[in-house]
> 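One structure, as structure tokens, below. Some questions next.
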Amino acid sequence: PEKLIKEGLADKESSYIYALGQLALWSAHSDKITRKGSNSGEHILSNDDESRLVIPNPKLAPYGFAAVELMKRLKVYHLWQKRLITAQNVAQAQQFILSGSVPFGFIPLSQINALPPDQRGSYWQVPASLYPPIVQRVVLLEKGRQNPAAAAFLEFLKSAQSRKIIRESGYLPEPSN
């Protein structure tokens, strides 16, 4: 959105944060990560000295950047550096895990929630306080300025119904909107 605004392709006044992404350590196998206990993922990150771990490219993907920052904050990044697989994006990271090429990795919680329940495997929802905010921002394009449906959609994102959908999808609705 910032780049679109800077290039004059979007309306600065319409831009706002509508959600925050949530990071999860995920395995396609239901027995790899225990959901019970708030530190199950921390335990894996601190004690697994054989497995590989996949993250989306931290230079391009906010979830990959957040995963690296989390590992640094937990002081485990050095343990994983040589075993870290960098996928091009979130979809490729998820595919590596689904295929069994890598036992687990960091992806958005929303990607896990989008799977059928029997394919969700196991995951650790990383506490949001352990990584930088993954901001989801919306902006009205100049092309859509005269489109009533575009304006209505931006307003819908602020509604209670939208916030419920956002939450159920695995995001945190931005409290200020």
> Test of understanding: with side-chain hydrogen bond (donor to acceptor under 3.5 Å, both in side chains), list the residues that count as partners of Asn47, not counting sequence neighbours.
His43
> Evaluate the side-chain proximity of Val102 to Ile85: yes if any heavy-atom separation is below 4.5 Å, no if none is.
yes
> For atom CZ of Phe156, decide whether the heavy atoms of other residues, nucleotides or ligands shown that lie under 6.0 angstrom number more than 12.
yes
> Under 3.5 Å, side chain of Ser27 to main-chain N/O of Lys32, donor-acceptor pair present?
no
> Count I, L, V, M, F, W, Y as connected when their side-chain heavy atoms are under 4.5 Å apart, and connections chain through other members. Are Leu60 and Leu84 then in the same cluster?
no
> Does any pair with a residue in residues 71-82 pass salt bridge (charged side-chain N to carboxylate O under 4.0 Å, His left out), and if so which ones, sequence neighbours excluded?
none
> Heavy atoms only: give me the nearest Asn89-Pro56 pair and the separation to one decimal.
C-CB, 3.8 Å
> Applying side chain to side chain contact (heavy atoms under 4.5 Å, CB included) to Leu70 and Val76, what does each step give before you reach the verdict?
CA-CA 9 Å; Leu70 162 72; Val76 298; over 6 Å; no
> My understanding is that only residues two or more places apart in sequence, or in another chain, count here; which of them pass side-chain contact (heavy atoms from CB on, under 4.5 Å) with Pro116?
Asp118, Gln119
> Applying side-chain contact (heavy atoms from CB on, under 4.5 Å), name anything that partners Ile5, two or more places apart in sequence or on another chain.
Ala10, Lys12, Ser15, Val139
> How far apart are the C-alpha atoms of Gln22 and Leu172, what are their side-chain angles, what is the distance that settles it, and do they pass the side chain to side chain contact (heavy atoms under 4.5 Å, CB included) test?
CA-CA 7 Å; Gln22 295 190 83; Leu172 294 172; 3.7 Å; yes
> Hey, what else clusters with Phe65 if you join Ile, Leu, Val, Met, Phe, Trp, Tyr whenever side-chain heavy atoms sit under 4.5 Å?
none
> Report yes if some heavy atom in the side chain of Pro108 is under 4.5 Å from a heavy atom in the side chain of Val90; otherwise report no.
yes
> Under the side chain to side chain donor-acceptor pair (under 3.5 Å) rule, what pairs show up with a residue in residues 51-60, not counting sequence neighbours?
Asp48-Ser51
> According to side-chain hydrogen bond (donor to acceptor under 3.5 Å, both in side chains), who are the partners of Gln81, at least two apart in sequence or on a separate chain?
none
> Which atom pair, heavy atoms only, marks the closest approach of Ser162 to Ser159?
N-OG, 3.1 Å
> Does Trp26 reach the main-chain N or O of Trp124 with its side chain, forming a donor-acceptor pair under 3.5 Å?
no
> Do Leu4 and Val138 sit in the same hydrophobic cluster, where Ile, Leu, Val, Met, Phe, Trp and Tyr count as joined when their side-chain heavy atoms come under 4.5 Å apart?
no
> Distance check, rounded to the nearest 0.5 Å: Met71 atom CE versus Leu53 atom CG?
5.5 Å
> Can you name the nearest heavy-atom pair linking Thr86 to Pro58, along with the distance?
CG2-CD, 3.9 Å
> Does the pair Leu23 and Ile107 meet the rule for a side chain to side chain contact (heavy atoms under 4.5 Å, CB included), with working shown?
CA-CA 6 Å; Leu23 186 64; Ile107 65 170; over 6 Å; no
> Can you list every pair that meets side chain to side chain donor-acceptor pair (under 3.5 Å) and has a residue in residues 92-116, with sequence neighbours left out?
Gln94-Gln111, Ser99-Ser101, Ser110-Tyr171
> Hey, quick one: are Leu141 and Phe153 part of the same hydrophobic cluster, counting side-chain heavy atoms closer than 4.5 Å, chains of contacts allowed?
no
> What residues, two or more places apart in sequence or in another chain, satisfy salt bridge (Lys or Arg N to Asp or Glu O under 4.0 Å) together with Glu13?
none
> Return yes if some donor-acceptor pair links the side-chain N/O of Tyr123 with the main-chain N/O of Ile33 below 3.5 Å, else return no.
no
> Determine, step by step, whether Ile97 and Val54 satisfy the side chain to side chain contact (heavy atoms under 4.5 Å, CB included) criterion, reporting the C-alpha distance in whole Å, the side-chain angles of both residues, the deciding distance to 0.1 Å, and the verdict.
CA-CA 8 Å; Ile97 300 164; Val54 65; 3.6 Å; yes
> For residues 130-155, pull every pair meeting salt bridge (charged side-chain N to carboxylate O under 4.0 Å, His left out), keeping only residues two or more places apart or in separate chains.
Glu2-Arg137, Asp11-Arg145, Glu142-Arg145, Glu155-Lys158
> Drop me the distance from Leu79's CG to Leu74's CG, to the nearest 0.5 angstrom.
10.5 Å
> Go through the structure and list residues passing side-chain contact (heavy atoms from CB on, under 4.5 Å) with Ala150, not counting sequence neighbours.
Leu140, Asn147
> According to side-chain hydrogen bond (donor to acceptor under 3.5 Å, both in side chains), who are the partners of Gln136, at least two apart in sequence or on a separate chain?
none
> Got a second to check how far Glu168's CD is from Arg163's CZ, nearest 0.5 Å?
13.5 Å
> Measure the OH-OH distance between Tyr131 and Tyr63 for me, rounded to the nearest 0.5 Å.
7.5 Å
> If we ignore hydrogens and angles and just use 3.5 Å, is the side chain of Tyr16 paired with the main-chain N or O of Leu154 as donor and acceptor?
yes
> For the residue pair Glu42 and Leu130, establish whether any side-chain heavy-atom pair is separated by less than 4.5 Å.
yes
